[in-house]
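The next block holds one structure in the form of C-alpha coordinates; read it before the comments.
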Protein chains: 2
Amino acid sequence: MRVKPVAELSRVDELPDLRSSTGSLAQRIHHVLHTAILDLTFPPGTPLRKAELAHRFGVSRAPVTEAIAILAAEGLVEAMPQVTARVTPLSMAALREETFLRCAIEGAVVERLAKTRTDAQLARLGRNLRLQELLVEDGDTRGFFEADEEFHTMLQEFTGLDRLSGFAAQVTLQLHRARQLLLPEARRPTETIVEHGEVLEGIRRQDAPAAVKAMRFHLGQLVPRLKPLEQTYPHYFREG
Amino acid sequence: MRVKPVAELSRVDELPDLRSSTGSLAQRIHHVLHTAILDLTFPPGTPLRKAELAHRFGVSRAPVTEAIAILAAEGLVEAMPQVTARVTPLSMAALREETFLRCAIEGAVVERLAKTRTDAQLARLGRNLRLQELLVEDGDTRGFFEADEEFHTMLQEFTGLDRLSGFAAQVTLQLHRARQLLLPEARRPTETIVEHGEVLEGIRRQDAPAAVKAMRFHLGQLVPRLKPLEQTYPHYFREG
DNA sequence: ACCTGTCAACTGGCATGTCAGTTGACAGGT
DNA sequence: ACCTGTCAACTGACATGCCAGTTGACAGGT
(Lines give C-alpha, C1' and ligand atoms only; values in the text may rest on other atoms or scores of the structure.)
Protein backbone atom coordinates (compact mmCIF):
# COMPACT_ATOMS: atom_id res chain seq x y z
CA MET A 1 0.00 0.00 0.00
CA ARG A 2 1.34 3.35 -1.04
CA VAL A 3 1.74 6.15 1.42
CA LYS A 4 0.66 9.60 0.34
CA PRO A 5 3.36 12.25 0.72
CA VAL A 6 1.91 15.09 2.75
CA ALA A 7 4.91 17.34 3.21
CA GLU A 8 4.09 20.01 0.63
CA LEU A 9 0.40 19.93 1.27
CA SER A 10 0.33 20.91 4.90
CA ARG A 11 -0.87 24.46 4.19
CA VAL A 12 -3.46 23.58 1.62
CA ASP A 13 -6.20 23.95 4.20
CA GLU A 14 -5.52 27.67 4.18
CA LEU A 15 -7.35 28.02 0.90
CA PRO A 16 -9.90 30.83 0.95
CA ASP A 17 -13.57 30.11 1.20
CA LEU A 18 -15.20 29.66 -2.19
CA ARG A 19 -18.20 31.71 -1.15
CA SER A 20 -16.06 34.82 -1.14
CA SER A 21 -16.16 35.20 -4.91
CA THR A 22 -18.68 35.06 -7.71
CA GLY A 23 -19.23 33.07 -10.88
CA SER A 24 -19.37 29.36 -11.46
CA LEU A 25 -17.67 26.97 -9.10
CA ALA A 26 -15.07 26.28 -11.76
CA GLN A 27 -14.28 29.98 -12.11
CA ARG A 28 -14.03 30.49 -8.38
CA ILE A 29 -11.82 27.46 -7.95
CA HIS A 30 -9.64 28.65 -10.79
CA HIS A 31 -9.30 32.05 -9.15
CA VAL A 32 -8.37 30.58 -5.79
CA LEU A 33 -5.77 28.23 -7.27
CA HIS A 34 -4.40 30.94 -9.57
CA THR A 35 -3.85 33.21 -6.60
CA ALA A 36 -2.39 30.44 -4.48
CA ILE A 37 0.13 29.59 -7.17
CA LEU A 38 1.15 33.19 -7.81
CA ASP A 39 1.73 33.96 -4.14
CA LEU A 40 3.59 30.68 -3.64
CA THR A 41 1.05 29.23 -1.23
CA PHE A 42 1.39 26.42 -3.74
CA PRO A 43 5.10 26.48 -4.51
CA PRO A 44 6.49 25.19 -7.81
CA GLY A 45 6.23 21.42 -8.00
CA THR A 46 3.19 21.09 -5.76
CA PRO A 47 1.00 18.23 -6.99
CA LEU A 48 -2.62 19.15 -7.66
CA ARG A 49 -4.75 16.07 -7.14
CA LYS A 50 -8.27 16.56 -8.42
CA ALA A 51 -10.01 14.31 -5.94
CA GLU A 52 -8.16 15.86 -3.04
CA LEU A 53 -8.88 19.44 -4.11
CA ALA A 54 -12.50 18.58 -4.79
CA HIS A 55 -12.85 17.17 -1.30
CA ARG A 56 -11.13 20.19 0.21
CA PHE A 57 -13.42 22.62 -1.58
CA GLY A 58 -16.43 20.45 -0.84
CA VAL A 59 -17.30 19.99 -4.51
CA SER A 60 -17.02 17.25 -7.11
CA ARG A 61 -14.10 16.69 -9.43
CA ALA A 62 -15.81 18.29 -12.44
CA PRO A 63 -15.26 21.97 -11.62
CA VAL A 64 -11.75 21.21 -10.38
CA THR A 65 -10.97 19.53 -13.68
CA GLU A 66 -12.11 22.63 -15.52
CA ALA A 67 -10.07 24.94 -13.31
CA ILE A 68 -6.92 22.90 -13.73
CA ALA A 69 -7.40 22.77 -17.49
CA ILE A 70 -7.36 26.56 -17.54
CA LEU A 71 -4.33 26.76 -15.27
CA ALA A 72 -2.55 24.37 -17.61
CA ALA A 73 -3.44 26.54 -20.60
CA GLU A 74 -2.02 29.54 -18.73
CA GLY A 75 1.18 27.61 -18.10
CA LEU A 76 0.84 27.72 -14.34
CA VAL A 77 0.52 23.97 -14.03
CA GLU A 78 1.92 21.18 -16.11
CA ALA A 79 -0.37 18.29 -16.91
CA MET A 80 0.39 15.15 -18.82
CA PRO A 81 -2.35 12.64 -19.57
CA GLN A 82 -2.91 10.25 -16.68
CA VAL A 83 -0.27 11.94 -14.55
CA THR A 84 -0.93 14.22 -11.61
CA ALA A 85 -0.75 17.87 -12.57
CA ARG A 86 1.97 19.87 -10.85
CA VAL A 87 2.57 23.55 -10.35
CA THR A 88 5.01 24.50 -13.10
CA PRO A 89 8.60 24.73 -11.89
CA LEU A 90 10.40 28.00 -12.47
CA SER A 91 12.98 28.10 -15.23
CA MET A 92 15.61 30.70 -15.86
CA ALA A 93 14.82 30.58 -19.57
CA ALA A 94 11.18 31.43 -18.94
CA LEU A 95 12.16 34.26 -16.61
CA ARG A 96 14.47 35.71 -19.26
CA GLU A 97 11.72 35.61 -21.85
CA GLU A 98 9.17 37.19 -19.59
CA THR A 99 11.62 39.90 -18.61
CA PHE A 100 12.13 40.66 -22.28
CA LEU A 101 8.38 40.93 -22.80
CA ARG A 102 7.93 43.07 -19.74
CA CYS A 103 10.60 45.48 -20.97
CA ALA A 104 9.00 45.60 -24.40
CA ILE A 105 5.51 46.26 -23.09
CA GLU A 106 6.31 48.65 -20.25
CA GLY A 107 8.80 50.49 -22.41
CA ALA A 108 6.10 51.10 -25.00
CA VAL A 109 3.70 52.10 -22.25
CA VAL A 110 5.87 54.85 -20.80
CA GLU A 111 6.82 56.05 -24.25
CA ARG A 112 3.17 56.55 -24.99
CA LEU A 113 2.40 58.03 -21.59
CA ALA A 114 5.11 60.62 -21.98
CA LYS A 115 2.98 62.07 -24.75
CA THR A 116 -0.48 61.62 -23.31
CA ARG A 117 -0.17 61.91 -19.54
CA THR A 118 -2.54 64.28 -17.76
CA ASP A 119 -1.88 66.26 -14.59
CA ALA A 120 -4.35 64.09 -12.72
CA GLN A 121 -2.41 60.99 -13.72
CA LEU A 122 0.87 62.56 -12.64
CA ALA A 123 -0.68 63.37 -9.30
CA ARG A 124 -1.87 59.81 -8.74
CA LEU A 125 1.52 58.41 -9.69
CA GLY A 126 3.23 60.88 -7.39
CA ARG A 127 0.97 59.89 -4.54
CA ASN A 128 1.69 56.21 -5.13
CA LEU A 129 5.41 56.97 -5.04
CA ARG A 130 5.01 58.66 -1.67
CA LEU A 131 3.11 55.65 -0.44
CA GLN A 132 5.99 53.45 -1.50
CA GLU A 133 8.34 55.59 0.59
CA LEU A 134 6.11 55.39 3.64
CA LEU A 135 5.78 51.63 3.38
CA VAL A 136 9.55 51.21 3.13
CA GLU A 137 10.02 53.40 6.19
CA ASP A 138 7.59 51.18 8.06
CA GLY A 139 9.39 48.08 6.85
CA ASP A 140 6.18 46.75 5.30
CA THR A 141 7.73 44.58 2.61
CA ARG A 142 4.52 43.01 1.41
CA GLY A 143 2.79 46.36 1.30
CA PHE A 144 5.64 47.79 -0.71
CA PHE A 145 5.41 44.93 -3.16
CA GLU A 146 1.76 45.70 -3.73
CA ALA A 147 2.37 49.43 -4.13
CA ASP A 148 5.12 48.61 -6.60
CA GLU A 149 2.73 46.43 -8.56
CA GLU A 150 0.15 49.18 -8.47
CA PHE A 151 2.61 51.72 -9.83
CA HIS A 152 3.21 49.58 -12.88
CA THR A 153 -0.46 48.70 -13.24
CA MET A 154 -1.40 52.39 -13.10
CA LEU A 155 1.03 53.17 -15.89
CA GLN A 156 -0.60 50.51 -18.01
CA GLU A 157 -4.10 51.70 -17.26
CA PHE A 158 -3.25 55.32 -17.99
CA THR A 159 -2.65 54.41 -21.61
CA GLY A 160 -6.42 54.13 -21.89
CA LEU A 161 -6.01 50.57 -23.15
CA ASP A 162 -7.86 48.68 -20.50
CA ARG A 163 -6.97 45.11 -21.41
CA LEU A 164 -3.30 45.96 -21.29
CA SER A 165 -2.56 45.27 -17.65
CA GLY A 166 -4.35 41.95 -17.96
CA PHE A 167 -2.31 40.93 -20.97
CA ALA A 168 0.90 42.05 -19.30
CA ALA A 169 0.10 39.97 -16.23
CA GLN A 170 -0.77 37.02 -18.44
CA VAL A 171 2.68 36.91 -20.03
CA THR A 172 4.68 37.51 -16.85
CA LEU A 173 3.25 34.85 -14.56
CA GLN A 174 6.53 33.06 -13.88
CA LEU A 175 8.22 36.38 -13.24
CA HIS A 176 5.54 37.26 -10.72
CA ARG A 177 6.26 34.10 -8.78
CA ALA A 178 10.01 34.63 -8.89
CA ARG A 179 9.61 38.14 -7.54
CA GLN A 180 7.88 36.71 -4.48
CA LEU A 181 11.12 34.98 -3.68
CA LEU A 182 12.98 38.28 -3.79
CA LEU A 183 10.72 39.94 -1.24
CA PRO A 184 12.94 39.29 1.79
CA GLU A 185 15.75 41.42 0.33
CA ALA A 186 15.77 44.60 2.34
CA ARG A 187 18.12 46.96 0.55
CA ARG A 188 16.43 46.94 -2.83
CA PRO A 189 13.21 48.93 -2.20
CA THR A 190 15.03 52.22 -1.74
CA GLU A 191 16.72 51.89 -5.11
CA THR A 192 13.45 50.84 -6.66
CA ILE A 193 11.79 54.02 -5.49
CA VAL A 194 14.55 56.14 -7.01
CA GLU A 195 14.14 54.33 -10.31
CA HIS A 196 10.37 54.72 -10.20
CA GLY A 197 10.95 58.40 -9.60
CA GLU A 198 13.12 58.67 -12.67
CA VAL A 199 10.50 56.99 -14.82
CA LEU A 200 7.88 59.36 -13.48
CA GLU A 201 10.13 62.36 -14.01
CA GLY A 202 10.65 61.38 -17.64
CA ILE A 203 6.92 61.11 -18.13
CA ARG A 204 6.33 64.42 -16.37
CA ARG A 205 8.85 66.22 -18.59
CA GLN A 206 7.25 64.52 -21.62
CA ASP A 207 10.70 63.20 -22.41
CA ALA A 208 9.78 59.86 -23.96
CA PRO A 209 13.31 58.59 -24.59
CA ALA A 210 14.32 59.37 -21.01
CA ALA A 211 11.23 57.66 -19.63
CA VAL A 212 11.85 54.57 -21.74
CA LYS A 213 15.50 54.50 -20.75
CA ALA A 214 14.61 54.81 -17.07
CA MET A 215 12.05 52.04 -17.31
CA ARG A 216 14.43 49.73 -19.11
CA PHE A 217 17.10 50.38 -16.53
CA HIS A 218 14.62 49.78 -13.73
CA LEU A 219 13.41 46.49 -15.15
CA GLY A 220 16.95 45.50 -16.08
CA GLN A 221 17.90 45.65 -12.40
CA LEU A 222 15.77 42.57 -11.90
CA VAL A 223 17.93 40.29 -14.02
CA PRO A 224 21.03 40.00 -11.81
CA ARG A 225 18.81 39.48 -8.80
CA LEU A 226 17.01 36.59 -10.45
CA LYS A 227 20.16 34.64 -11.19
CA PRO A 228 20.99 33.54 -7.63
CA LEU A 229 17.47 32.19 -7.15
CA GLU A 230 18.34 29.03 -9.01
CA GLN A 231 21.02 28.31 -6.42
CA THR A 232 18.99 29.45 -3.41
CA TYR A 233 15.82 27.58 -4.32
CA PRO A 234 16.99 24.72 -6.54
CA HIS A 235 13.93 22.62 -5.78
CA TYR A 236 11.68 25.32 -7.26
CA PHE A 237 13.49 25.17 -10.58
CA ARG A 238 13.17 22.73 -13.41
CA GLU A 239 15.54 19.77 -13.31
CA GLY A 240 16.41 20.66 -9.77
CA MET B 1 -7.23 28.14 -55.40
CA ARG B 2 -10.15 28.16 -53.10
CA VAL B 3 -11.31 30.95 -50.82
CA LYS B 4 -13.12 29.77 -47.75
CA PRO B 5 -16.49 31.46 -47.36
CA VAL B 6 -16.50 33.14 -44.00
CA ALA B 7 -20.17 33.82 -43.59
CA GLU B 8 -21.43 30.33 -44.10
CA LEU B 9 -22.59 28.67 -40.93
CA SER B 10 -23.92 25.61 -42.62
CA ARG B 11 -20.49 24.16 -43.19
CA VAL B 12 -19.65 23.79 -39.55
CA ASP B 13 -19.71 20.07 -40.12
CA GLU B 14 -16.38 20.38 -41.88
CA LEU B 15 -14.56 20.17 -38.57
CA PRO B 16 -11.37 18.13 -38.90
CA ASP B 17 -11.17 14.59 -37.68
CA LEU B 18 -10.08 14.36 -34.07
CA ARG B 19 -7.81 11.43 -34.85
CA SER B 20 -5.49 13.73 -36.75
CA SER B 21 -3.89 15.13 -33.61
CA THR B 22 -2.47 13.89 -30.33
CA GLY B 23 -3.13 14.38 -26.64
CA SER B 24 -6.32 14.05 -24.64
CA LEU B 25 -9.68 14.44 -26.31
CA ALA B 26 -10.10 17.76 -24.56
CA GLN B 27 -6.79 19.04 -25.93
CA ARG B 28 -7.59 17.89 -29.43
CA ILE B 29 -11.05 19.43 -29.33
CA HIS B 30 -9.58 22.65 -28.02
CA HIS B 31 -7.09 22.70 -30.85
CA VAL B 32 -9.74 22.11 -33.48
CA LEU B 33 -12.05 24.79 -32.11
CA HIS B 34 -9.17 27.22 -31.58
CA THR B 35 -8.16 26.85 -35.21
CA ALA B 36 -11.73 27.06 -36.44
CA ILE B 37 -12.27 30.32 -34.56
CA LEU B 38 -9.02 31.89 -35.72
CA ASP B 39 -9.61 31.11 -39.39
CA LEU B 40 -13.24 32.25 -39.13
CA THR B 41 -14.69 28.84 -39.88
CA PHE B 42 -16.56 29.79 -36.73
CA PRO B 43 -17.17 33.50 -37.25
CA PRO B 44 -17.66 35.89 -34.33
CA GLY B 45 -20.98 35.31 -32.62
CA THR B 46 -21.25 31.62 -33.49
CA PRO B 47 -22.95 29.75 -30.64
CA LEU B 48 -21.00 26.79 -29.28
CA ARG B 49 -23.46 24.28 -27.89
CA LYS B 50 -21.74 21.61 -25.86
CA ALA B 51 -24.17 18.83 -26.61
CA GLU B 52 -24.09 19.62 -30.31
CA LEU B 53 -20.30 19.75 -30.49
CA ALA B 54 -20.01 16.58 -28.43
CA HIS B 55 -22.30 14.80 -30.85
CA ARG B 56 -20.41 16.18 -33.84
CA PHE B 57 -17.08 14.98 -32.48
CA GLY B 58 -18.58 11.71 -31.35
CA VAL B 59 -17.65 12.21 -27.69
CA SER B 60 -19.40 13.17 -24.49
CA ARG B 61 -19.86 16.69 -23.19
CA ALA B 62 -17.02 16.43 -20.65
CA PRO B 63 -14.04 17.04 -22.94
CA VAL B 64 -16.00 19.69 -24.84
CA THR B 65 -16.68 21.49 -21.57
CA GLU B 66 -12.98 21.51 -20.80
CA ALA B 67 -12.07 22.78 -24.26
CA ILE B 68 -14.60 25.60 -24.10
CA ALA B 69 -13.40 26.59 -20.63
CA ILE B 70 -9.92 27.08 -22.06
CA LEU B 71 -11.21 29.01 -25.06
CA ALA B 72 -13.10 31.25 -22.67
CA ALA B 73 -9.95 31.85 -20.63
CA GLU B 74 -8.14 32.77 -23.84
CA GLY B 75 -10.87 35.26 -24.66
CA LEU B 76 -11.89 33.51 -27.86
CA VAL B 77 -15.34 32.67 -26.58
CA GLU B 78 -17.60 34.44 -24.15
CA ALA B 79 -19.43 32.30 -21.63
CA MET B 80 -21.91 33.35 -19.01
CA PRO B 81 -23.32 30.85 -16.54
CA GLN B 82 -26.26 28.92 -17.96
CA VAL B 83 -26.02 30.75 -21.28
CA THR B 84 -24.69 29.28 -24.50
CA ALA B 85 -21.08 30.24 -25.12
CA ARG B 86 -20.45 32.31 -28.23
CA VAL B 87 -17.39 33.09 -30.27
CA THR B 88 -16.25 36.48 -29.02
CA PRO B 89 -17.29 39.35 -31.29
CA LEU B 90 -14.54 41.58 -32.61
CA SER B 91 -14.20 45.02 -31.08
CA MET B 92 -12.24 47.97 -32.37
CA ALA B 93 -10.98 48.67 -28.85
CA ALA B 94 -9.51 45.18 -28.56
CA LEU B 95 -7.91 45.48 -31.99
CA ARG B 96 -6.29 48.78 -31.01
CA GLU B 97 -4.89 47.26 -27.84
CA GLU B 98 -3.54 44.22 -29.58
CA THR B 99 -1.96 46.37 -32.25
CA PHE B 100 -0.21 48.34 -29.54
CA LEU B 101 1.10 45.13 -28.00
CA ARG B 102 2.19 43.78 -31.32
CA CYS B 103 4.15 46.95 -32.05
CA ALA B 104 5.74 46.82 -28.61
CA ILE B 105 6.76 43.19 -28.88
CA GLU B 106 7.86 43.07 -32.50
CA GLY B 107 9.65 46.38 -32.15
CA ALA B 108 11.67 44.98 -29.29
CA VAL B 109 12.29 41.82 -31.28
CA VAL B 110 13.82 43.54 -34.29
CA GLU B 111 15.81 45.89 -32.07
CA ARG B 112 17.38 42.87 -30.45
CA LEU B 113 17.82 41.00 -33.71
CA ALA B 114 19.68 43.92 -35.24
CA LYS B 115 22.43 43.18 -32.73
CA THR B 116 22.37 39.40 -32.67
CA ARG B 117 21.37 38.25 -36.15
CA THR B 118 23.53 35.65 -37.84
CA ASP B 119 24.16 35.23 -41.54
CA ALA B 120 22.18 32.01 -41.54
CA GLN B 121 19.19 33.85 -40.10
CA LEU B 122 19.49 36.60 -42.69
CA ALA B 123 19.55 33.96 -45.39
CA ARG B 124 16.40 32.30 -44.14
CA LEU B 125 14.58 35.62 -43.85
CA GLY B 126 15.69 36.54 -47.36
CA ARG B 127 14.43 33.25 -48.69
CA ASN B 128 11.08 33.76 -47.01
CA LEU B 129 10.84 37.21 -48.58
CA ARG B 130 11.43 35.70 -52.00
CA LEU B 131 8.72 33.18 -51.30
CA GLN B 132 6.34 36.00 -50.47
CA GLU B 133 7.06 37.56 -53.86
CA LEU B 134 6.45 34.31 -55.67
CA LEU B 135 3.16 33.73 -53.91
CA VAL B 136 1.95 37.22 -54.75
CA GLU B 137 2.87 36.69 -58.37
CA ASP B 138 0.81 33.51 -58.33
CA GLY B 139 -2.08 35.32 -56.68
CA ASP B 140 -2.03 32.85 -53.79
CA THR B 141 -3.53 35.08 -51.13
CA ARG B 142 -3.80 32.43 -48.46
CA GLY B 143 -0.30 31.24 -49.11
CA PHE B 144 1.00 34.78 -48.86
CA PHE B 145 -0.79 35.26 -45.55
CA GLU B 146 0.97 32.19 -44.19
CA ALA B 147 4.37 33.28 -45.49
CA ASP B 148 3.76 36.70 -43.92
CA GLU B 149 2.95 35.02 -40.61
CA GLU B 150 6.06 32.92 -40.92
CA PHE B 151 8.24 35.97 -41.52
CA HIS B 152 7.12 37.48 -38.24
CA THR B 153 7.32 34.16 -36.41
CA MET B 154 10.86 33.64 -37.66
CA LEU B 155 11.90 37.03 -36.33
CA GLN B 156 10.53 36.08 -32.94
CA GLU B 157 12.21 32.71 -32.93
CA PHE B 158 15.55 34.15 -33.98
CA THR B 159 15.74 36.01 -30.67
CA GLY B 160 16.48 32.63 -29.12
CA LEU B 161 13.53 33.14 -26.78
CA ASP B 162 11.41 30.20 -27.76
CA ARG B 163 8.20 30.99 -25.90
CA LEU B 164 8.06 34.41 -27.51
CA SER B 165 6.08 33.58 -30.63
CA GLY B 166 3.56 31.72 -28.51
CA PHE B 167 3.10 34.64 -26.16
CA ALA B 168 2.81 37.05 -29.06
CA ALA B 169 0.13 34.91 -30.68
CA GLN B 170 -1.66 34.65 -27.35
CA VAL B 171 -2.10 38.41 -27.03
CA THR B 172 -3.05 39.08 -30.66
CA LEU B 173 -5.86 36.61 -31.16
CA GLN B 174 -8.51 39.15 -32.09
CA LEU B 175 -6.09 40.80 -34.47
CA HIS B 176 -5.42 37.48 -36.13
CA ARG B 177 -9.12 37.06 -36.84
CA ALA B 178 -9.50 40.59 -38.13
CA ARG B 179 -6.62 40.09 -40.52
CA GLN B 180 -8.47 37.16 -42.09
CA LEU B 181 -11.11 39.64 -43.14
CA LEU B 182 -8.48 41.74 -44.92
CA LEU B 183 -7.22 38.86 -47.03
CA PRO B 184 -9.29 39.63 -50.13
CA GLU B 185 -7.55 42.98 -50.59
CA ALA B 186 -5.30 42.54 -53.55
CA ARG B 187 -3.11 45.62 -53.66
CA ARG B 188 -1.69 45.39 -50.20
CA PRO B 189 0.70 42.41 -50.43
CA THR B 190 3.13 44.24 -52.70
CA GLU B 191 3.50 47.08 -50.21
CA THR B 192 3.81 44.56 -47.41
CA ILE B 193 6.75 42.92 -49.11
CA VAL B 194 8.51 46.27 -49.51
CA GLU B 195 8.01 46.98 -45.81
CA HIS B 196 9.24 43.53 -44.84
CA GLY B 197 12.28 44.21 -46.97
CA GLU B 198 13.00 47.42 -45.13
CA VAL B 199 12.77 45.68 -41.78
CA LEU B 200 15.13 43.01 -43.00
CA GLU B 201 17.51 45.59 -44.42
CA GLY B 202 17.65 47.37 -41.07
CA ILE B 203 18.47 44.11 -39.34
CA ARG B 204 21.06 43.23 -41.95
CA ARG B 205 22.81 46.59 -41.54
CA GLN B 206 22.61 46.13 -37.74
CA ASP B 207 20.84 49.45 -37.65
CA ALA B 208 18.49 48.86 -34.74
CA PRO B 209 16.67 52.21 -34.83
CA ALA B 210 16.01 51.82 -38.56
CA ALA B 211 14.74 48.28 -38.11
CA VAL B 212 12.44 49.34 -35.29
CA LYS B 213 11.18 52.29 -37.28
CA ALA B 214 10.50 50.08 -40.30
CA MET B 215 8.66 47.53 -38.20
CA ARG B 216 6.54 50.17 -36.51
CA PHE B 217 5.69 51.68 -39.86
CA HIS B 218 4.83 48.27 -41.25
CA LEU B 219 2.55 47.36 -38.36
CA GLY B 220 1.09 50.86 -38.31
CA GLN B 221 -0.18 50.32 -41.84
CA LEU B 222 -2.66 47.86 -40.43
CA VAL B 223 -4.59 50.41 -38.40
CA PRO B 224 -6.30 52.37 -41.17
CA ARG B 225 -7.21 49.13 -42.87
CA LEU B 226 -8.90 47.80 -39.76
CA LYS B 227 -11.21 50.76 -39.37
CA PRO B 228 -13.56 50.04 -42.29
CA LEU B 229 -14.09 46.49 -41.07
CA GLU B 230 -16.61 47.65 -38.52
CA GLN B 231 -18.75 49.04 -41.34
CA THR B 232 -18.16 46.16 -43.73
CA TYR B 233 -18.82 43.37 -41.23
CA PRO B 234 -21.02 45.01 -38.57
CA HIS B 235 -22.45 41.66 -37.45
CA TYR B 236 -18.97 40.47 -36.51
CA PHE B 237 -18.47 43.37 -34.12
CA ARG B 238 -19.72 43.92 -30.62
CA GLU B 239 -23.03 45.78 -30.32
CA GLY B 240 -23.50 45.34 -34.03
C1' DA C 1 -51.17 46.72 -30.66
C1' DC C 2 -48.42 46.34 -26.44
C1' DC C 3 -46.98 44.76 -22.22
C1' DT C 4 -46.62 40.90 -18.99
C1' DG C 5 -46.91 36.56 -16.58
C1' DT C 6 -46.43 31.69 -17.45
C1' DC C 7 -44.55 27.54 -18.98
C1' DA C 8 -42.08 24.13 -21.65
C1' DA C 9 -37.98 23.09 -23.94
C1' DC C 10 -33.26 23.98 -24.01
C1' DT C 11 -28.76 24.34 -22.10
C1' DG C 12 -25.02 24.40 -19.07
C1' DG C 13 -23.15 23.25 -14.27
C1' DC C 14 -22.10 19.89 -11.42
C1' DA C 15 -22.05 15.05 -9.28
C1' DT C 16 -20.83 10.52 -9.97
C1' DG C 17 -19.53 5.95 -12.08
C1' DT C 18 -16.40 3.42 -14.88
C1' DC C 19 -12.27 2.45 -17.07
C1' DA C 20 -7.53 2.72 -18.52
C1' DG C 21 -2.88 4.46 -17.96
C1' DT C 22 0.77 5.34 -14.50
C1' DT C 23 3.41 4.53 -10.55
C1' DG C 24 6.22 2.43 -7.32
C1' DA C 25 6.90 -1.30 -4.01
C1' DC C 26 8.42 -5.82 -4.08
C1' DA C 27 9.72 -10.44 -5.32
C1' DG C 28 12.66 -13.23 -7.90
C1' DG C 29 16.31 -13.86 -11.10
C1' DT C 30 21.25 -12.59 -12.34
C1' DA D 1 23.77 -5.48 -4.70
C1' DC D 2 21.38 -4.67 -9.08
C1' DC D 3 18.22 -5.19 -12.58
C1' DT D 4 13.57 -6.54 -14.00
C1' DG D 5 8.90 -8.29 -14.33
C1' DT D 6 4.65 -8.08 -11.82
C1' DC D 7 0.81 -6.24 -9.55
C1' DA D 8 -2.14 -3.40 -6.67
C1' DA D 9 -3.40 1.12 -5.58
C1' DC D 10 -3.62 5.65 -7.36
C1' DT D 11 -5.15 9.02 -10.51
C1' DG D 12 -7.02 11.29 -14.35
C1' DA D 13 -10.05 10.92 -18.69
C1' DC D 14 -14.30 10.48 -20.17
C1' DA D 15 -19.47 9.14 -20.17
C1' DT D 16 -23.72 10.00 -18.18
C1' DG D 17 -27.57 11.54 -15.17
C1' DC D 18 -29.87 15.15 -12.86
C1' DC D 19 -31.07 19.70 -11.69
C1' DA D 20 -31.38 24.66 -11.97
C1' DG D 21 -31.14 28.81 -14.64
C1' DT D 22 -32.32 30.87 -19.14
C1' DT D 23 -34.98 31.68 -23.12
C1' DG D 24 -38.60 32.44 -26.13
C1' DA D 25 -43.27 31.41 -27.54
C1' DC D 26 -47.77 32.27 -26.21
C1' DA D 27 -51.88 33.47 -23.74
C1' DG D 28 -54.36 36.87 -21.32
C1' DG D 29 -54.90 41.39 -19.50
C1' DT D 30 -54.58 46.50 -20.49
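Naming convention: chains lettered A, B, ... in sequence-line order (proteins, then strands); numbering from 1 in each chain. Reckoned from all heavy atoms, side chains included, excluding hydrogens, waters and symmetry mates.
The interatomic distance linking B:Glu66 (CD) with C:dC14 (P) rounds to 14 Å, in whole Å. Atom CZ in B:Arg49 sits roughly 13 Å away from atom C1' in C:dA9 (whole-Å rounding). To the nearest angstrom, C1' of D:dG12 lies 13 Å from CG of B:Leu25. To the nearest angstrom, P of C:dG13 lies 11 Å from CD1 of A:Ile70. Between the CZ atom of A:Arg86 and the P atom of D:dT11 there is a distance of 11 Å, rounded to whole Å. One atom, CG of A:Leu53, and another, P of C:dA15, lie 14 Å apart when rounded to the nearest Å. Rounded to whole Å, the distance from CD1 on A:Ile29 to P on C:dA15 is 8 Å. Rounded to whole angstrom, the span from the CG atom of B:Leu48 across to the P atom of C:dG12 amounts to 9 Å.
Using the six-membered ring where Trp is involved, A:His30 and A:His34 have ring planes that are tilted, between 30° and 60° apart.
The heavy-atom pair separating B:Val109 from B:Leu155 by the smallest distance is CG1-O, 3.5 Å.
No hydrogens or angles considered: nothing links the side chains of A:Glu106 and A:His218 as a donor-acceptor pair under 3.5 Å. For A:Arg124 and A:Gln121, the side-chain atoms include no donor-acceptor pair closer than 3.5 Å. A:Arg188 and A:Thr192 form a side-chain donor-acceptor contact under 3.5 Å, judged by distance and modelled atom types alone.
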List, one per line, each side-chain donor-acceptor pair under 3.5 Å for residues 156-170 of chain A, sequence neighbours excluded.
residue, atom, partner, partner atom, Å
A:Thr159, OG1, A:Gln156, O, 2.6
A:Thr159, OG1, A:Leu161, N, 3.1
A:Arg163, NH1, B:Glu97, OE2, 3.3

field: Stepwise side chain to side chain donor-acceptor pair (under 3.5 Å) check, A:Arg177 with A:Gln180
entry: CA-CA 5 Å; A:Arg177 291 193 294 159; A:Gln180 303 289 325; over 6 Å; no
- request: Mind running side-chain contact (heavy atoms from CB on, under 4.5 Å) on A:Ile37 and A:Thr46 for me, showing each step along the way?
  value: CA-CA 9 Å; A:Ile37 293 172; A:Thr46 306; over 6 Å; no
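Among the heavy atoms of the strands, none lies under 4.0 Å from A:Ile68. Counting non-hydrogen atoms under 4.0 angstrom, B:Ala26 reaches the backbone sugars and phosphates but no base.
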- request: Treat a base pair as Watson-Crick or G-U wobble with both distances under 3.5 Å, then lay out DNA chain D in dot-bracket form, 5' to 3', with | for cross-strand pairs.
  value: ||||||||||||||||||||||||||||||
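Around the CZ atom of A:Arg102, the shell of radius 6.0 Å holds more than 12 heavy atoms that belong to other residues, nucleotides or ligands.
Proximity of B:Lys50 to the phosphate of C:dG13: a side-chain N or O atom is located under 4.0 Å from OP1 or OP2.
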Polar atom pairs (N or O), protein with nucleotides 16-20 of chain C, under 3.5 Å:
residue, atom, partner, partner atom, Å
C:dG17, O6, A:Arg61, NH2, 2.3

